[in-house]
K.L.:
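Structure provided below as structure tokens; questions to follow.
All values below were derived from every heavy atom in this structure, side-chain atoms included, with hydrogens, water molecules and symmetry-related copies excluded.
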Amino acid sequence: TEQRIKSPRDVKLTADEVYVLCKDNPCIHVFSHAGERLRSLLSRGEQMQVSTSFYFCLDAEENIIISDRDTHQIKIFSKEGNHIRTIGAEGEEPGMFSYPTGLALTKDLSLVVVSQSDNFRLQIFSCL
């Protein structure tokens with residue numbers, strides 16, 4: 001059957017899975033490469049609350065790293081959606097954020113780069 005996704009905003013690929021971020025009801029749907037929906041993560045009402053405005057990337061272990069604009073934090077979840085840790089709070093000091101937006105990983109997947117429009121800077125963190 002056809003798997004419809006409402007308002008897809010971002011897609012990440014791994015060796016076995018496709019992660020799709022949806023905009024209208026913020027969550028990440030995970031599909032097999034054959035198109036079978038495997039699971040949905042981080043949707044509203046779940047324990048892992050994320051705001052309606054976030055971006056994501058995947059590290060070497062396929063943990064989901066999220067920049068949550070509304071809470072001014074970076075949140076890391078396992079590929080099953082279990083919360084691992086939260087980094088930062090609202091502010092201008094190192095390790096603090098003001099509306100973090102984009103995320104990128106270095107080529108070796110060991111560092112995450114976070115861009116912030118309100119603090120006019122990039123911050124780099126270890127993925128460990």
Side-chain angles (χ1 to χ4, degrees):
T1 67
E2 184 177 312
Q3 300 285 328
R4 292 190 175 258
I5 303 170
K6 187 174 181 181
S7 301
R9 179 165 77 183
D10 198 2
V11 176
K12 306 292 185 220
L13 300 174
T14 68
D16 302 315
E17 298 175 329
V18 179
Y19 289 71
V20 180
L21 170 63
C22 294
K23 181 180 175 185
D24 289 347
N25 180 18
C27 68
I28 296 174
H29 297 291
V30 183
F31 295 88
S32 69
H33 283 203
E36 175 189 357
R37 188 183 307 238
L38 303 174
R39 61 192 177 279
S40 295
L41 307 169
L42 312 174
S43 58
R44 282 189 218 175
E46 291 184 15
Q47 181 181 0
M48 296 133 335
Q49 282 289 322
V50 293
S51 72
T52 58
S53 181
F54 66 90
Y55 300 86
F56 83 107
C57 61
L58 303 171
D59 71 8
E61 286 82 40
E62 297 180 21
N63 292 319
I64 303 162
I65 304 170
I66 291 173
S67 64
D68 192 330
R69 281 184 50 83
D70 296 343
T71 64
H72 310 279
Q73 296 174 320
I74 304 302
K75 299 174 183 177
I76 303 173
F77 299 91
S78 70
K79 66 187 278 182
E80 294 81 22
N82 299 314
H83 182 259
I84 295 172
R85 70 178 167 149
T86 297
I87 300 169
E90 184 174 9
E92 297 179 6
E93 299 298 320
M96 301 178 93
F97 306 99
S98 181
Y99 301 103
T101 52
L103 289 171
L105 288 168
T106 57
K107 187 174 182 176
D108 66 359
L109 304 177
S110 65
L111 299 174
V112 63
V113 179
V114 182
S115 65
Q116 302 170 83
S117 55
D118 282 19
N119 277 345
F120 308 105
R121 67 180 180 190
L122 300 175
Q123 289 195 68
I124 301 173
F125 297 91
S126 169
C127 290
L128 302 174

K.L.:
Let me see the working for D59 and I65 under side-chain contact (heavy atoms from CB on, under 4.5 Å), right down to the final yes or no.
P.N.:
CA-CA 7 Å; D59 71 8; I65 304 170; 4.0 Å; yes
K.L.:
How would you list, by chain and number, every residue that makes a salt bridge (Lys or Arg N to Asp or Glu O under 4.0 Å) with R121, sequence neighbours excluded?
P.N.:
none
K.L.:
Considering only heavy atoms from C-beta outward, does the side chain of L38 approach that of E17 to under 4.5 Å?
P.N.:
yes
K.L.:
Side-chain contact test, heavy atoms from C-beta onward, threshold under 4.5 Å: evaluate it for D10 versus V20 and give yes or no.
P.N.:
no
K.L.:
Grab the two heavy atoms, one from I84 and one from S78, that are nearest each other, plus how far apart they are.
P.N.:
CD1-N, 3.6 Å
K.L.:
Under the side-chain contact (heavy atoms from CB on, under 4.5 Å) criterion, do I76 and I66 qualify, and how do the steps go?
P.N.:
CA-CA 6 Å; I76 303 173; I66 291 173; over 6 Å; no
K.L.:
Measuring from atom CG of L58 to atom CD1 of I64, what distance do you get when rounded to the nearest 0.5 angstrom?
P.N.:
6.5 Å
K.L.:
Hey, could you give me the CG/CG distance between N82 and N63, rounded to the nearest 0.5 Å?
P.N.:
10.0 Å
K.L.:
Any side-chain heavy atom of Y19 sitting closer than 4.5 Å to one from F31?
P.N.:
no
K.L.:
Enumerate donor-acceptor pairs with a distance under 3.5 Å from any side-chain N or O in residues 90-106 to protein atoms, sequence neighbours excluded.
P.N.:
unit_1: T101; atom_1: OG1; unit_2: S115; atom_2: O; d: 3.3
unit_1: T101; atom_1: OG1; unit_2: S115; atom_2: OG; d: 3.0
unit_1: T106; atom_1: OG1; unit_2: D108; atom_2: OD1; d: 2.7
unit_1: T106; atom_1: OG1; unit_2: S110; atom_2: N; d: 3.4
unit_1: T106; atom_1: OG1; unit_2: L111; atom_2: N; d: 3.2

K.L.:
Does the pair F125 and V114 meet the rule for a side-chain contact (heavy atoms from CB on, under 4.5 Å), with working shown?
P.N.:
CA-CA 8 Å; F125 297 91; V114 182; 4.2 Å; yes
K.L.:
Find the distance between OG (S67) and NZ (K75) and round it off to the nearest 0.5 Å.
P.N.:
10.5 Å
K.L.:
Between K12 and E62, is the closest basic N to carboxylate O distance under 4.0 Å?
P.N.:
no
K.L.:
Measure from the side-chain N and O atoms of R85 to the backbone N and O of F77, and report whether any donor-acceptor pair falls under 3.5 Å.
P.N.:
no
K.L.:
What is the minimum heavy-atom distance between L41 and K79, and which atoms define it?
P.N.:
CD1-O, 3.4 Å
K.L.:
V11 and V18: side-chain contact (heavy atoms from CB on, under 4.5 Å), yes or no, with the steps?
P.N.:
CA-CA 7 Å; V11 176; V18 179; 3.8 Å; yes
K.L.:
What about F120 and L122, same hydrophobic cluster or not, with Ile/Leu/Val/Met/Phe/Trp/Tyr joined at side-chain heavy-atom distances under 4.5 Å?
P.N.:
no
